[in-house]
Participant: 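Have a look at this one before I ask anything.
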Amino acid sequence: MVSCWDTGVLLCALLGGLLLTGSTSGSNLKSPELSLNDTQHVIQVGKKLSIKCRGKADHSWSLPETVSKESKRLNITKYACGKGGKQFCSTLTLTTAEANDTGFYSCKYLSSTSKNKLTESTIYIFINDTSRPFLEMHSELPEPIHMTEGRALVIPCRVSSPDIVVTLKKVPFQILIPDGERIIWDSRKGFLISNATYKEIGLLTCEATVNGHLYQTHYLTYRQSTTILDVQMSTPGPVKLLRGQTLTLNCTVTASFNTRVQINWTYPGETNKSASIRRRFDQSNPHYNIFYSVLTINKVQSKDSGIYACHVTSGPSFRSANTSVRVYDEPFISMKHRKQPVLETVAGKKSYRLAMKVRAFPPPEVAWLKDGLPLTEKSARYFVHAYSLIIKDVAAEDTGNYTVLLNINQSNVVKNLTTTLIVNVKPQIYEKAVSPFPEPILYPLGSRQILTCTVYGIPQPTIKWLWRPCNHNHSKARYDFCSNNEESYILDPDSIIGNRIESITQRMAIIEGKNKTASSLVVADSRISGIYTCMASNKVGTVERNIKFYITDVPNGFHVHLEKMPTKGEDLKLSCTVSKFLYRDITWLQLRTANNRSAHHRIRRQKTAVTTEHSVTLHLLIKNVSLDDSGTYACRARNIFTGEDTLQKKEVTVREEMLLPK
């Protein structure tokens, strides 16, 4: 707008003349004329839409969003028209019209930048499709519509024909009737509700019946939510800073999609507004909104120490998160032993933690030494975690002096502290681990024997010798003579229990690089069977080694004896004697060979075995032998410990009777 008061009368006249003489100035030309004169027009689906536009200047067409200007069905032709061809004409043609082509079609002067309606002509075209009365069908999943109470709300159930009667329903049974004031039906827009209330919140349905068929499209209205899902502080734990550093705290709020929140901070310097606060809103997630509030204080001071809280509200909903901030004047390290300067543990533990009580800021570099050397050069079983040292699979060699070094490089603050660790070891008996004997050793009757236990442990174990005699009843269960039910007796060199003891001695020896104790018990005269026990004990535990001391009066524990080689008509006398502590199920067999095959035949009518203090004897007596009794006789016994059968054979040849000379 040109003001003549500002430019003067002469200048105003000149400007006015220029505006009137501009032949292509759209603002002063009559509006373009359309070949369809009404405000709206209806054609049937599938027909051709044709609209002509005539004006005194060049113009362009505006189409519904659903009609693409690149569509092959669309054609716009421009040409000169009117007297002397001084007018501008164009024809818009849309073939095979579809329901989606329904909408506003406008012809507008190109040279116009004014909002004056005289520069534009518009008509609303309905493409009547009886099979598709609603332009947008939401029959299964309702279309969400955000609403605000007290403001206008549009339910956009536009139709393809102005004659279609539409009913608006609210599920389940309410009908919203247009009253021409608060609720208005517009076939080109849908239902217009001027002042929406909570009553319109929910599932709304537009219904139309065309040719006896019911059509429905659904909309879901919702209002802003107040649901706060989560509030998180970027640093939930205590925040530590040095004076002069920058404090930055981020409060992150997660809320439901249609929720808006207010975020406020409380902090020590709030009254002086020492902090700057920035906010950011993230709507990239389709399911919820994320709000960020970042508090920053440059060059913090001791007075900035305290609790920092982020308070979030949305309507009646409230949540908060907080953290503590500590500002130190200068770097420091404070360290002391958590328990005692000397610690003890046990070998074999899966892990052991050496820990000190440490207060330091900023966090120092940590290094551990063992006996003055860096631990990384010692073993891969050592792990540093924070200010602690973790030892995996604790062993005796882990005993030593451990020093932790703490160093804040930038401030040249250094501290160290040493702890002594003693690894105790439960007693171990060397012979118990390496003994190759699956069965007990038999000791000859009357022999002198030396029994030894080699013991290792930390601290050095004490060693005792015990004696448990065997039960000497003559029951058939010979293999259970020496059970654990018998009472044990502690021995010393002067003991008169069991076998006569010559001596009990101890000596120290370095074996396999370890300081071990060898304890020897000397039996002067082996006469009584039983079990000697070597018991080693220290503060960690006790271990025992049982030595089954079985006396035998039979060489090697198994012996077959033939009284004499018999002559025909004499008696055959055989005896089989076995250690009763090593064998059972003794029996006599005769080995026969037939067809190149050997067979064992148990001899009938055997005598009952005779049990003595140390052995079992089974006699075989065959009277009045004949030459047929010659052959191989075998004594079979079963090993109590291995379960295997042992045979000892004796060849017997019955001799012919010697005839005395007459």
Side-chain angles (χ1 to χ4, degrees), residues 65 136 138 140-156 171 193 196-204 218-242 245-301 304-327 361-363:
E65 291 183 0
E136 297 178 7
H138 307 288
E140 295 183 2
L141 187 65
E143 177 73 6
I145 300 176
H146 176 261
M147 63 162 285
T148 302
E149 290 187 57
R151 295 188 180 183
L153 173 65
V154 178
I155 310 300
V171 176
I193 302 175
T197 68
Y198 70 92
K199 294 181 180 180
E200 281 79 50
I201 297 173
L203 185 61
L204 300 178
H218 306 291
Y219 297 89
L220 181 64
T221 58
Y222 66 94
R223 61 182 170 184
Q224 186 168 304
S225 170
T226 60
T227 304
I228 303 171
L229 300 175
D230 187 37
V231 178
Q232 293 283 344
M233 194 75 78
S234 57
T235 310
V239 179
K240 298 178 181 180
L241 296 168
L242 289 175
Q245 291 183 325
T246 298
L247 169 65
T248 301
L249 296 176
N250 186 359
C251 180
T252 303
V253 180
T254 305
S256 60
F257 185 73
N258 51 337
T259 297
R260 297 295 182 269
V261 299
Q262 288 185 335
I263 304 175
N264 296 304
W265 288 86
T266 56
Y267 56 97
E270 183 180 3
T271 54
N272 299 325
K273 295 183 179 180
S274 59
S276 63
I277 297 173
R278 295 179 291 106
R279 292 178 174 84
R280 186 164 62 87
F281 177 38
D282 183 0
Q283 273 187 303
S284 60
N285 192 295
H287 304 292
Y288 48 80
N289 293 333
I290 301 178
F291 303 85
Y292 301 96
S293 181
V294 182
L295 179 146
T296 303
I297 300 178
N298 296 317
K299 298 182 179 180
V300 293
Q301 303 297 320
D304 293 315
S305 297
I307 301 298
Y308 287 68
C310 166
H311 307 283
V312 183
T313 57
S314 179
S317 301
F318 173 81
R319 293 186 73 167
S320 66
N322 64 68
T323 189
S324 63
V325 174
R326 178 70 182 272
V327 180
F361 190 80

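Keep in mind that the numbers below use all heavy atoms, side chains included, and drop hydrogens, waters and symmetry copies.
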Participant: Which donor-acceptor pairs under 3.5 Å do the side chains of residues 306-316 make with protein atoms, sequence neighbours left out?
Facilitator:
unit_1	atom_1	unit_2	atom_2	d
Tyr308	OH	Asp304	O	2.7
His311	NE2	Thr266	OG1	2.9
Ser314	OG	Arg260	O	2.7

Participant: In Å and rounded to the nearest 0.5 Å, what is the OG1 to NE2 distance from Thr254 to His287?
Facilitator: 13.5 Å
Participant: Excluding sequence neighbours, so at least two apart, what forms side chain to side chain donor-acceptor pair (under 3.5 Å) with Asn285?
Facilitator: Tyr288
Participant: Considering only heavy atoms from C-beta outward, does the side chain of Val327 approach that of Gln301 to under 4.5 Å?
Facilitator: no
Participant: Ignoring hydrogens, what is the shortest heavy-atom contact between Asn322 and Met233? Give both atom names and the distance.
Facilitator: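 Shortest heavy-atom contact: CA-CE, 3.6 Å.
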Participant: Tell me the closest heavy-atom pair linking Met147 and Thr197, and the distance in Å.
Facilitator: CE-O, 3.4 Å
Participant: Given side chains that start at C-beta, do those of Val253 and Ile290 come closer than 4.5 Å, heavy atoms only?
Facilitator: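 The answer is no, as the side chains (C-beta and beyond) never meet within the 4.5 Å cut-off.
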Participant: Step by step, would you call Thr252 with Val231 a side chain to side chain contact (heavy atoms under 4.5 Å, CB included)?
Facilitator: CA-CA 6 Å; Thr252 303; Val231 178; over 6 Å; no
Participant: May I ask you to test the Cys251-Phe291 pair for a side-chain heavy-atom distance under 4.5 Å?
Facilitator: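 SC-SC contact between Cys251 and Phe291 ruled out.
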Participant: When the side chains of residues 292-300 are checked against the rest of the protein, which donor-acceptor pairs come out under 3.5 Å, sequence neighbours left out?
Facilitator:
unit_1	atom_1	unit_2	atom_2	d
Ser293	OG	Trp265	NE1	2.8

Participant: Any side-chain heavy atom of Leu220 sitting closer than 4.5 Å to one from Ile145?
Facilitator: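 Of all side-chain heavy-atom pairs linking Ile145 with Leu220, none is under 4.5 Å.
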Participant: Give a yes-or-no answer on whether the side chains of Asp230 and Gln232 include a donor-acceptor pair shorter than 3.5 Å.
Facilitator: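 Side-chain D/A pair, Asp230 to Gln232: present.
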Participant: Would you say the side-chain atoms of Thr235 pair up with the backbone N or O of Gly237, donor to acceptor, closer than 3.5 Å?
Facilitator: no
Participant: Got a second to check how far Glu143's CD is from Leu204's CG, nearest 0.5 Å?
Facilitator: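 Reported value, rounded in 0.5 Å steps: 13.0 Å.
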Participant: Measure the CG-CD1 distance between Asn289 and Ile228 for me, rounded to the nearest 0.5 Å.
Facilitator: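 The CD1 atom of Ile228 is 12.0 Å from CG of Asn289, to the nearest 0.5 Å.
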Participant: Testing the basics here: between Tyr219 and Pro156, what is the closest heavy-atom pair and its distance to 0.1 Å?
Facilitator: OH-O, 3.2 Å
Participant: Tell me the closest heavy-atom pair linking Ile263 and Arg279, and the distance in Å.
Facilitator: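 Reported closest heavy-atom pair: O-NH2, 2.8 Å.
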Participant: Rounded to the nearest 0.5 Å, what's the gap from CG on Leu241 to CG on Leu247? Could you check?
Facilitator: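 Those atoms lie 5.5 Å apart.
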Participant: Would a distance-only check, ignoring hydrogens and angles, find a side-chain to backbone donor-acceptor pair under 3.5 Å from Thr227 to Ser256?
Facilitator: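 No; zero donor-acceptor contacts below 3.5 Å.
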Participant: Can you find a side-chain donor-acceptor pair between Asp282 and Ser284 that sits under 3.5 Å?
Facilitator: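 Yes, Ser284 and Asp282 have a side-chain donor paired with an acceptor closer than 3.5 Å.
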Participant: I need the minimum non-hydrogen distance between Leu229 and Arg319, along with the two atoms involved.
Facilitator: O-NH1, 2.5 Å
Participant: Begin from the C-alpha positions of His218 and Leu203 and carry the test side chain to side chain contact (heavy atoms under 4.5 Å, CB included) through to its verdict.
Facilitator: CA-CA 7 Å; His218 306 291; Leu203 185 61; 4.1 Å; yes
Participant: Between Val239 and Arg326, is the side chain to side chain contact (heavy atoms under 4.5 Å, CB included) condition met? List the steps.
Facilitator: CA-CA 6 Å; Val239 179; Arg326 178 70 182 272; over 6 Å; no
Participant: Rounded at 0.5 Å granularity, tell me how far CZ in Arg151 sits from NE2 in His146.
Facilitator: 9.0 Å
Participant: Can you tell me if CD on Glu149 sees more than 12 non-hydrogen neighbours from other groups inside 6.0 Å?
Facilitator: yes
